[in-house]
There are 2 protein chains.
Amino acid sequence: MEEKKYCYRYPHPAVTTDCVIFGFDGVSIKVLLVQRGIDPHKGKWALPGGFLKMDETAEECARRELCEETRLQSTTVEQFHTFTSVDRDPRERVITIAHYALVRLSEVRGGDDAAKAEWFSLDEIPCLAFDHDRILRMATARLKERICFEPIGFELLPEIFTMPELQNLYEAILEVKFDRRNFYNKMLKLGILTEAEERPKNASRRIPCKYRFNAAKYKELKQKGFRLEF
Amino acid sequence: MEEKKYCYRYPHPAVTTDCVIFGFDGVSIKVLLVQRGIDPHKGKWALPGGFLKMDETAEECARRELCEETRLQSTTVEQFHTFTSVDRDPRERVITIAHYALVRLSEVRGGDDAAKAEWFSLDEIPCLAFDHDRILRMATARLKERICFEPIGFELLPEIFTMPELQNLYEAILEVKFDRRNFYNKMLKLGILTEAEERPKNASRRIPCKYRFNAAKYKELKQKGFRLEF
DNA sequence: AATTTTTGCGTAAAATAAACACATAAAATT
DNA sequence: AATTTTATGTGTTTATTTTACGCAAAAATT
């Protein structure tokens, strides 16, 4: 039995971060889950997560876990809720600061963790450990809200993408269907897309144009006070 | 020196909740601050807050503090961000789960706390303890976002209110001016207001109609999938 | 070779938002 | 007391945005 050497005058809860890592394979939204190797809930699938170290912020902690699983250093990581039910963990009082991350599936390499990790579609999520199903539900709800007002969708696509790909992403997240031509017009009119390649003269109409997200232009427009609104 | 009797195998941060309590006096948005009676930052103004107990959730903790300051039991309290900078508190590692609360100023009675508490307008906030200025800024930003899509504004008004009062509230929070007649039309067309009193026949036009928020109607409309959009 | 699908680029209609006009009576001013 | 100003309810007109849908051409399918 290891010594309990960190002592306080008042009880302290343990603090963890969990990370809902979203990806997009061109058809549906995926979430990365890991299979727990230890009790409690040994063998069950869970969100990647771990204990907060005393010299790191919650976001740094979440990024560390993200990197352990995907080898990705720089991606969108955002805190969205802290879960504090008193009986979340049978061992001791544990509160968790939940984050979501958006990654490009093509850039993900296997994690260095021995633990088994797997991508799941949102409609085939297995039974999850702790209150992770609740965390996941809130994460997807937040993703839906955010994508309507911030251009976070581009974090899930390759740098260069086509309009149908972008539409598929929006439809997958929001679970709706858009009219192809209206989506096209609206997106272009926003002015935040740049044509990635010059279109050949003998342009085949069947081959879609390639775009990239114009972050500079978006920043400029945002300062003028415009909102995405989808 | 009191005994440090709560011991763990790994270091644990202390966890607090802070609460940004918003009120509206008919003209501007107010925030309740308390003057710290102890070090660190003794004498400085701060957000009401305190340590999370082991048998309560973060929301319960925030409500407890709200009640201590305002005697209000049932109001909107919502978590919006957890602040985790490593050097927030000079004593030890403290993370705080920040909430905002919306209260009707008319219903607020003095707190039972000995500490001095005072309402401040957003444009005359004094220097605050810890990182509470950052917390307050994020709270007001969140309030702005939320009021555009959820009818939380009514929590700040008396149960019965007039259209000019409602408009003043929206203008105070969003820091914009609306055309009186368009605001009026838009609000009525939403269908979430009920006339509170029958208007006398010899209705003076100068005396505004009185309304109340129709929560049932709002719930019904929301289920059909409509958004406020302001 | 014919048919279907997919894309770029439109346009007409419908719905929504923005701008503003006017009557009335209370309140303020003279 | 008469006059002016202000605040409110109720519109209408115009501009803008959203929605619905048409069409041609090349690629893919049959």
Side-chain angles (χ1 to χ4, degrees), chain A residues 26-27 147-149 157-158 160-172 174-214 221-222 224-230, chain B residues 26-27 147-149 151 157-158 160-172 174-212 214 221-222 224-230:
Chain A
V27 177
I147 205 179
C148 288
F149 297 102
L157 287 177
I160 294 176
F161 51 86
T162 68
M163 199 60 82
E165 285 169 350
L166 184 61
Q167 181 171 355
N168 284 341
L169 174 67
Y170 269 82
E171 292 182 340
L174 297 174
E175 296 178 287
V176 293
K177 288 286 175 191
F178 295 109
D179 178 274
R180 177 181 64 81
R181 295 151 294 183
N182 289 340
F183 184 88
Y184 182 103
N185 289 334
K186 183 165 186 176
M187 267 297 170
L188 284 189
K189 209 171 65 178
L190 288 175
I192 57 176
L193 298 185
T194 313
E195 287 191 25
E197 301 168 9
E198 197 167 337
R199 205 169 167 71
K201 300 277 189 193
N202 52 348
S204 147
R205 281 213 174 164
R206 186 62 185 268
I207 293 162
C209 300
K210 296 192 183 300
Y211 299 95
R212 67 174 77 228
F213 173 58
N214 189 335
L221 286 171
K222 192 179 181 180
K224 288 183 189 166
F226 104 123
R227 295 197 298 184
L228 268 187
E229 299 258 4
F230 254 90
Chain B
V27 178
I147 204 179
C148 288
F149 297 102
L157 288 176
I160 293 175
F161 52 86
T162 68
M163 200 58 84
E165 286 169 350
L166 184 60
Q167 180 172 354
N168 283 342
L169 174 66
Y170 269 83
E171 292 181 341
L174 297 175
E175 296 178 286
V176 294
K177 288 285 175 192
F178 294 109
D179 179 273
R180 176 181 63 82
R181 296 152 294 186
N182 289 339
F183 183 89
Y184 185 102
N185 289 333
K186 181 165 183 174
M187 266 298 169
L188 284 189
K189 210 171 63 178
L190 288 175
I192 58 175
L193 299 184
T194 312
E195 286 193 24
E197 302 170 8
E198 196 168 337
R199 205 170 166 68
K201 301 276 187 191
N202 53 348
S204 148
R205 281 213 174 166
R206 187 63 184 271
I207 294 163
C209 300
K210 297 194 185 298
Y211 300 95
R212 68 174 77 230
N214 188 335
L221 286 172
K222 191 177 181 181
K224 288 183 189 164
F226 105 123
R227 295 197 298 184
L228 267 187
E229 299 258 3
F230 254 88

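Here is the naming used below: chain letters follow the sequence lines, and residue numbers restart at 1 for every chain.
- Put simply, OH on Tyr184(B) is 19 Å from P on dA18(C), counting in whole angstrom units.
- Mapped onto DNA chain C by nearest heavy atom, Lys189(B) and Asp179(B) fall at different nucleotides, with Lys189(B) at the one closer to the 5' end.
- Look at CG on Asn185(B): it is 14 Å from C1' on dC22(C), rounded to the nearest Å.
- Atom OH in Tyr170(B) sits 4.0 Å away from atom CE in Met187(B) (nearest 0.5 Å).
- Under the 6.0 Å cut-off for aromatic ring centres, Phe178(B) and Tyr184(B) do not qualify, their centroids lying 6.0 Å or more apart.
- For the pair Phe183(A) CZ and dT18(D) P, the interatomic distance rounds to 14 Å; values are reported in whole Å.
- Looking at Arg181(B), its side chain has no donor and acceptor atom pair within 3.5 Å of the base of dA7(D).
- Put simply, CD on Glu229(B) is 12 Å from C1' on dT18(D), counting in whole angstrom units.
- Position along DNA chain C of the nearest nucleotide to Ile207(B) versus Met163(A) favours Met163(A) as the more 5'-ward residue.
- Asn168(A) has its CG atom 13 Å from the C1' atom of dT6(C), to the nearest Å.
- Listed nucleotides: dT7(C), dA20(D), dA18(C). Nearest to the side chain of Pro208(A): dT7(C).
- If you measure from atom CE of Met187(B) to atom P of dA17(C), you get 12 Å, rounded to the nearest angstrom.
- Residue side chain Arg206(A) does not reach the base of dG8(C) through any donor-acceptor N/O pair under 3.5 Å, judged by distance alone.
- In this structure, Lys210(B) atom NZ and dG9(D) atom C1' are separated by 15 Å, rounded to whole Å.
- Using cut-offs of 30° and 60° on the angle between ring planes, the pair Tyr211(A) and Phe161(A) is tilted.
- Rounding to whole angstrom units, CZ of residue Phe178(B) and P of dT8(D) are separated by 17 Å.
- Separating the CG atom in Leu221(B) from the CD1 atom in Ile192(B) is a distance of 8.0 Å, to the nearest 0.5 Å.
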